[in-house]
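In what follows, a single structure is set out as structure tokens and then discussed.
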Amino acid sequence: MLKRIDPSQTKAWTQLESKAREMREKHLKDLFAEDPNRFEKMKREHKDLLFDFSKNLIDAESLELLEELFSECGVKEGIQAMLSGEKINETEGRAVLHTALRNFSDEEILVDGQSVNEDIEKVLEQMQDFSDLIISGNWKGYSGKTIKHIVNIGIGGSDLGPLMVYEALKPYHNHLRCHYVSNVDGAHINETLKDLDPEQTLFIIASKTFTTQETMTNARSAREWFLRSNASENDIAKHFVAVSTNREKVIDFGIDPTNMFVFWDWVGGRYSVWSAIGLSLACGLGYKNFEKFLRGAHSMDRHLAEADFKNNIPMQMAALGIWYVNFMGAESEAIIPYDQNMHRFAAYFQQGNMESNGKYIDRNGQKVSYATGPIIWGEPGTNGQHAFFQLMHQGTRFIPADFIGFAESHYTMGDHHLKLLSNFLAQTEALMIGKTKEEVEAEMKAKGSSEEEIAKIAPYRVFEGNRPTTSILGQKSDPESLGALIAAYEHKIFIQGLVWNIYSFDQWGVELGKALANTILPLLSEGGEIDKDASTKGLITYIRNRRGIKG
Ligand SMILES: O=P(O)(O)OC[C@H]1O[C@](O)(CO)[C@@H](O)[C@@H]1O
């Protein structure tokens, strides 16, 4: 059982509030001037990864108070409860064991007194055998041709994880091409399938529940598309496999259960990339790379369990997030990878973070009186610089940002990579130091601007700076580093949920919209009386009229 402490009633919380008033008067530049060893003291390393926390608007005393807050809220005990398989997802009565999926230690993990180790190993073996068959070409489609294209049909956690990782690890792609269809908008599946050959295409229907409207609609359309070729129902087994926890529904859909890869209710959708949901990755990157990805995450799990607060990377990330959201007034966090291939990383953690911690009811069933999960957003640098960085530098919002990059690139053409990295470093520097009025005026004067021009334009060219960033650097983007990085963010989210006294592993907030969509669908296709509010009714009527449906 997790503790049920209202964090705002703790001793540390009140102290943090007064500490934050003090810190709001400080400038990051001064913190660096006061302590020349700030970088050395505030950087943390894990394997190849370097986390530089020094450009954050925080000092040692604030971090000590956050450590106290963590201890008052039972963070360590909460982590232990998760790792040991306790049913900490209490609103769904489930354990939370994505860490077990990447557990390469001998430690046995029990759910309801039963070890899950063997089940996990079995599925990993099945994934390895299957991906080897597909990659080697020994798995043949119905006409005897090898598979060239894999289409993963899923949504949310059954899509974003594999898609993000497949994109991020482009240099590791083999000859197969993986595609990801998620949106129920027919554009998605049509545009994906239009250039594919059914004889050489394999579909992975990925859905934890196997009931999700978008996925089942796309899966049915994929089957129809497949059967429109010369294929028959008997050929489906060679072209459709399923990843799910729901065997019955998989069979109902017509997929041979021998072509089913299982996972379990103790794997949350948004934490499922480590499970058989990663099947497209095992195929498209090769099983060895998938395993390296799991091992990278496992190393971060060990680090989480073993390192003390000061040296614990996910704990430091979580502490900073809480500091900014609850004490410094931040509403959002930006994630900006200086790595084009990581272009879906922020989108992935939108779900990871916002579906986990976007909650206002606490573990006592009461409405919270403090802010919980922030808005997560971001795009790769340098593109972001030419889009939203204006607001980050001179806007009225306070936006802590993570910058992620790698010392080396897989791509050796020209000097792209050094230019990319120089932008990364320049932006974090600029966000921190800003540019004073005096500096602007002196610069304009040196360039020959008149006094009048300086007075008029200088205010627009001043940057206050003092905008916090965390820089995360690795050697080279690879499966292990990516695994470790994702795990660090996952743990950050969980730790924050522990402190905020919320349940991070359910997602009741997505249900209402799903249920209402089911009431609207027949109104759009069949007509009938519309018992809805005036706006929804008006919109339904508009669509009906435009589509020629009589009311
Ligand atoms: O894998 P499933 O069951 O199709 O669910 C897909 C997604 O839908 C949600 O349940 C709600 O959006 C997510 O948590 C999940 O990742």
Side-chain angles (χ1 to χ4, degrees), residues 88-98 101 123 127 151-166 180-185 188-189 203-223 240-255 260-281 344-359 361 373 375-376 486 489-490 493-494 497 502-518:
I88 60 164
N89 175 0
E90 289 177 39
T91 59
E92 295 181 319
R94 293 172 181 170
V96 176
L97 276 176
H98 44 281
L101 300 166
V123 175
M127 289 170 72
V151 181
N152 184 88
I153 296 183
I155 197 164
S158 302
D159 165 73
L160 281 164
L163 165 63
M164 181 276 279
V165 174
Y166 186 66
Y180 295 86
V181 173
S182 51
N183 202 321
V184 76
D185 182 345
H188 206 173
I189 190 143
F203 291 95
I204 299 176
I205 314 300
S207 174
K208 182 173 170 181
T209 54
F210 232 71
T211 56
T212 305
Q213 186 204 49
E214 293 90 333
T215 301
M216 298 329 294
T217 307
N218 279 322
R220 278 190 287 272
S221 298
R223 189 171 54 186
F240 284 78
V241 301
V243 180
S244 186
T245 59
N246 193 338
R247 191 181 150 90
E248 238 171 70
K249 293 272 179 209
V250 168
I251 297 172
D252 283 355
F253 182 83
I255 291 181
M260 178 179 173
F261 297 78
V262 298
F263 63 115
W264 307 270
D265 72 354
W266 40 262
V267 182
R270 53 196 173 274
Y271 299 90
S272 63
V273 66
W274 321 100
S275 72
I277 289 290
L279 185 62
S280 61
L281 299 174
R344 297 303 283 160
F345 193 79
Y348 176 67
F349 277 110
Q350 261 170 357
Q351 185 196 16
N353 213 315
M354 293 162 82
E355 198 165 79
S356 298
N357 287 342
K359 292 165 189 170
I361 296 294
I375 299 156
I376 304 296
I486 296 172
Y489 273 96
E490 285 179 349
I493 293 165
F494 171 48
I502 54 179
Y503 288 116
S504 295
F505 297 103
D506 60 18
Q507 56 286 315
W508 299 106
V510 302
E511 295 304 325
L512 177 60
K514 281 190 203 172
L516 289 178
N518 287 335

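Counting starts at 1 for both ligands and their atoms, following the listed order. Basis for what follows: all heavy atoms, side chains included, without hydrogens, waters or symmetry-related copies.
No side-chain N or O of Ser272 forms a donor-acceptor pair with one of Ser275 less than 3.5 Å apart. Side chains of Glu490 and Tyr271: no donor on one and acceptor on the other come within 3.5 Å.
The shortest N or O to N or O distance between Gly157 and ligand 1 is below 3.5 Å. Checked by distance only, ligand 1 and Thr215 stay at 3.5 Å or farther apart across all their nitrogen or oxygen atoms.
Considering only heavy atoms from C-beta on, Thr215 stays 4.5 Å or farther from Thr209 through its side chain.
Near Ser158, with a cut-off below 4.0 Å to any heavy atom, the atoms of ligand 1 are 1 (O), 2 (P). With ligand atoms numbered from 1 in the order given, ligand 1 contributes 16 (O) to contacts under 4.0 Å with heavy atoms of Gly156.
Between the CG atom of Asn152 and the CG atom of Leu279 there is a distance of 8.0 Å, given to the nearest 0.5 Å.
In terms of modelled atom types and a separation under 3.5 Å, the side chain of Lys359 and the main chain of Asp506 share a donor-acceptor contact. A donor-acceptor pair is defined here as one N or O able to donate and one able to accept, closer than 3.5 Å; such a pair exists between the side chain of His188 and the backbone of Ser182. At distances below 3.5 Å, at least one donor-acceptor pair connects side-chain atoms of Ser244 with backbone N or O atoms of Ser207.
Closest to atom 7 (C) of ligand 1, if we only count protein heavy atoms, is Ile155 O, 3.6 Å. Glu355 OE2, 3.3 Å is the protein heavy atom nearest to atom 12 (O) of ligand 1. The nearest heavy-atom contact from the protein to atom 10 (O) of ligand 1 is Lys514 NZ, 3.9 Å. In terms of protein heavy atoms, atom 5 (O) of ligand 1 is closest to Thr212 OG1, 3.5 Å. For atom 3 (O) of ligand 1, the closest non-hydrogen atom on the protein side is Thr209 OG1, 2.6 Å.
In this structure, Glu214 does not count as a contact residue of ligand 1, since none of its heavy atoms falls inside 4.0 Å of the ligand.
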